[in-house]
Engineer: 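Quick one: this structure, given as structure tokens, is what I'll be asking you about.
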Amino acid sequence: LRVDKEKITIEDVSQGIFHDYIRIMGNVEPLTFSQLTVQEGGNVKEILVEEGEMVKAGEVIIRLESKNLETEILNSKDRFAEEENSVQNSLLDLEREELNLQQERLTLELDVERKKRKYLQNKQLFEEDLIAKEEAKEDYEYAIHNRELITEKQTKDSIRRHSQVIMLKQKMENARRNLRLTQERYARLNVCAPIDGQLSDLNVEIGQVVSSGSQIGKI
């Protein structure tokens with residue numbers, strides 16, 4: 001074989017590692033990624049971040065709107081206001097009832113003291129044979145018995161009112177919790193980045209309807 005000597009490279013033969021390279025095509029995939037998932041369905045109102053941009057955890061990427069959810073929130077607010085008004089009225093009625101019983105108890109205490117004084121006066125007069133009959137004793141005993149009945153009723157009513165107050169406050173707390181949960185659903189119309197990273201595979205358009213649980217991109 002005859003070759004041009006200018007094209008020949010001469011090297012010493014030695015032991016070593018032989019490197020062989022092969023050129024191939026492929027896709028670069030991240031070690032970790034997080035799906036961008038819609039938590040509350042609605043129409044795409046605004047896209048704030050374009051595909052390929054870097055985002056921070058919690059950053060709003062798209063905003064959705066839902067007329068049905070907005071109506072539901074308004075209805076929840078109305079129900080909460082009605083519930084709050086009803087509970088407040090019931091609490092005021094219970095408070096008035098307690099005040100009335102206290103007033104009745106004070107009136108009976110005063111009546112007992114008056115009839116006691118009259119009974120003691122009449123008793124002395126009866127013992128001195130100045131009056132023929134000790135009528136004030138029956139009135140005094142009746143007043144004492146009536147006071148005992150009112151005291152027992154007041155105790156039972158107090159227990160009942162305490163239970164009703166607990167029930168009404170629990171009812172109010174449940175209504176407040178339902179309103180808060182509905183408002184939290186509205187906040188989820190903002191689809192936010194779950195982690196720091198680069199936005200990719202974003203496949204939504206303005207006006208598009210996306211349902212809850214849909215995966216619309218990756219971070």
Side-chain angles (χ1 to χ4, degrees), residues 21-98 158-219:
Y21 299 93
I22 302 174
R23 186 184 300 273
I24 61 173
M25 300 297 292
N27 294 323
V28 178
E29 293 288 346
L31 291 176
T32 59
F33 68 89
S34 179
Q35 293 285 356
L36 192 60
T37 304
V38 176
Q39 295 181 321
E40 189 70 39
N43 298 328
V44 178
K45 179 181 179 181
E46 189 177 5
I47 300 176
L48 303 176
V49 181
E50 296 297 331
E51 186 174 345
E53 294 183 15
M54 302 300 294
V55 293
K56 294 290 186 180
E59 182 178 349
V60 179
I61 295 176
I62 66 171
R63 285 196 175 97
L64 305 176
E65 61 179 356
S66 173
K67 298 301 182 183
N68 291 335
L69 184 56
E70 291 175 2
T71 302
E72 188 175 342
I73 290 175
L74 291 176
N75 292 336
S76 295
K77 288 181 178 180
D78 291 340
R79 287 193 299 269
F80 175 77
E82 292 175 358
E83 196 70 48
E84 185 178 32
N85 186 55
S86 175
V87 169
Q88 292 297 334
N89 289 336
S90 298
L91 290 174
L92 288 175
D93 289 340
L94 290 174
E95 187 176 351
R96 280 194 293 267
E97 183 180 344
E98 183 178 5
S158 177
I159 296 173
R160 175 182 58 82
R161 281 194 303 274
H162 180 70
S163 299
Q164 285 182 318
V165 167
I166 293 176
M167 182 184 66
L168 288 171
K169 289 183 176 179
Q170 184 63 45
K171 187 177 181 181
M172 191 67 200
E173 182 60 31
N174 291 338
R176 185 178 289 107
R177 186 185 301 111
N178 290 335
L179 177 60
R180 185 171 60 250
L181 290 175
T182 306
Q183 291 173 333
E184 288 175 358
R185 287 182 58 195
Y186 187 77
R188 289 198 292 266
L189 288 174
N190 291 333
V191 182
C192 302
I195 59 173
D196 295 350
Q198 185 180 33
L199 177 62
S200 67
D201 299 338
L202 185 64
N203 52 4
V204 292
E205 297 177 356
I206 299 294
Q208 179 180 343
V209 178
V210 291
S211 57
S212 175
S214 300
Q215 296 179 351
I216 60 174
K218 292 180 182 179
I219 305 295

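Only a predicted model underlies this, so the values are computations on that prediction, with no experimental measurement involved.
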Engineer: If you measure from CD on Glu184 to CD on Gln39, what distance do you get to the nearest 0.5 Å?
Structural biologist: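 Going from CD on Glu184 over to CD on Gln39, the span is 11.0 Å.
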Engineer: Any Lys/Arg nitrogen of Glu173 or Arg176 sitting under 4.0 Å from an Asp/Glu carboxylate oxygen of the other?
Structural biologist: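 A salt bridge is present here (some side-chain N lies under 4.0 Å from a carboxylate O).
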Engineer: Which value, rounded to the nearest 0.5 Å, describes the distance between Lys171 atom NZ and Glu84 atom CD?
Structural biologist: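 Answer rounded to 0.5 Å: 13.0 Å.
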Engineer: What do you reckon, is CD of Glu95 surrounded by more than 12 foreign heavy atoms closer than 6.0 Å?
Structural biologist: no
Engineer: Would you say the side-chain atoms of Asn68 and Glu72 include a donor-acceptor pair closer than 3.5 Å?
Structural biologist: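 No, Glu72 and Asn68 have no side-chain donor paired with an acceptor closer than 3.5 Å.
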Engineer: Apply side-chain contact (heavy atoms from CB on, under 4.5 Å) to residues Tyr186 and Arg188 and explain how you reach the verdict.
Structural biologist: CA-CA 5 Å; Tyr186 187 77; Arg188 289 198 292 266; over 6 Å; no
Engineer: Does the pair Leu94 and Leu168 meet the rule for a side-chain contact (heavy atoms from CB on, under 4.5 Å), with working shown?
Structural biologist: CA-CA 11 Å; Leu94 290 174; Leu168 288 171; 4.0 Å; yes
Engineer: Report the distance from atom CG of Leu36 to atom CG of Asp201, rounding to the nearest 0.5 Å.
Structural biologist: 10.5 Å
Engineer: Ignoring hydrogens and angles, tell me if any N or O in the side chain of Asn178 forms a donor-acceptor pair with the backbone of Asn174 under 3.5 Å.
Structural biologist: yes
Engineer: List the atom of Ser34, the atom of Ile195, and the distance in Å for their closest heavy-atom pair.
Structural biologist: CB-CD1, 3.7 Å
Engineer: With a 3.5 Å cut-off and no angle check, do the side chains of Arg185 and Thr182 form a donor-acceptor pair?
Structural biologist: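 No, Thr182 and Arg185 have no side-chain donor paired with an acceptor closer than 3.5 Å.
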Engineer: So Leu199 and Ile219, side-chain contact (heavy atoms from CB on, under 4.5 Å) or not? Walk me through it.
Structural biologist: CA-CA 5 Å; Leu199 177 62; Ile219 305 295; 3.7 Å; yes
Engineer: When rounded to the nearest 0.5 angstrom, what is the spacing between OG in Ser90 and NZ in Lys169?
Structural biologist: 13.0 Å
Engineer: The test is side chain to side chain donor-acceptor pair (under 3.5 Å); show your working for Ser163 and Arg160 and say whether it passes.
Structural biologist: CA-CA 5 Å; Ser163 299; Arg160 175 182 58 82; over 6 Å; no
Engineer: How close do Leu64 and Glu40 get, heavy atom to heavy atom, and via which atoms?
Structural biologist: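 Reported closest heavy-atom pair: CD1-O, 3.3 Å.
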Engineer: In the structure I gave you, are the side-chain heavy atoms of Leu189 and Ser66 within less than 4.5 Å of one another anywhere?
Structural biologist: yes
Engineer: Is any side-chain heavy atom of Ile216 closer than 4.5 Å to one of Asn203?
Structural biologist: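 SC-SC contact between Asn203 and Ile216 confirmed.
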Engineer: Using a 3.5 Å distance criterion without hydrogens, assess whether the side chain of Thr71 forms a donor-acceptor pair with backbone atoms of Lys67.
Structural biologist: yes
Engineer: Considering all heavy atoms of both residues, which atom of Pro194 and which atom of Gln35 are nearest to each other, and what is their separation?
Structural biologist: CG-O, 4.0 Å
Engineer: Evaluate the side-chain proximity of Gln198 to Glu53: yes if any heavy-atom separation is below 4.5 Å, no if none is.
Structural biologist: no
Engineer: In Å and rounded to the nearest 0.5 Å, what is the CD to CD1 distance from Glu205 to Ile47?
Structural biologist: 7.5 Å
Engineer: Got a second to check how far Ile206's CD1 is from Arg63's CZ, nearest 0.5 Å?
Structural biologist: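 That separation rounds to 11.5 Å.
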Engineer: Between Lys77 and Gln183, does a side-chain contact (heavy atoms from CB on, under 4.5 Å) hold up when you go through it step by step?
Structural biologist: CA-CA 10 Å; Lys77 288 181 178 180; Gln183 291 173 333; 3.8 Å; yes
Engineer: If we only count heavy atoms from C-beta on, is the Met172 to Gln88 side-chain gap below 4.5 Å?
Structural biologist: no
Engineer: Restricting to non-hydrogen atoms, name the atom on Val60 and the atom on Cys192 that form the minimum distance, rounded to 0.1 Å.
Structural biologist: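 Taking every non-hydrogen atom into account, CG2-SG, 3.8 Å.
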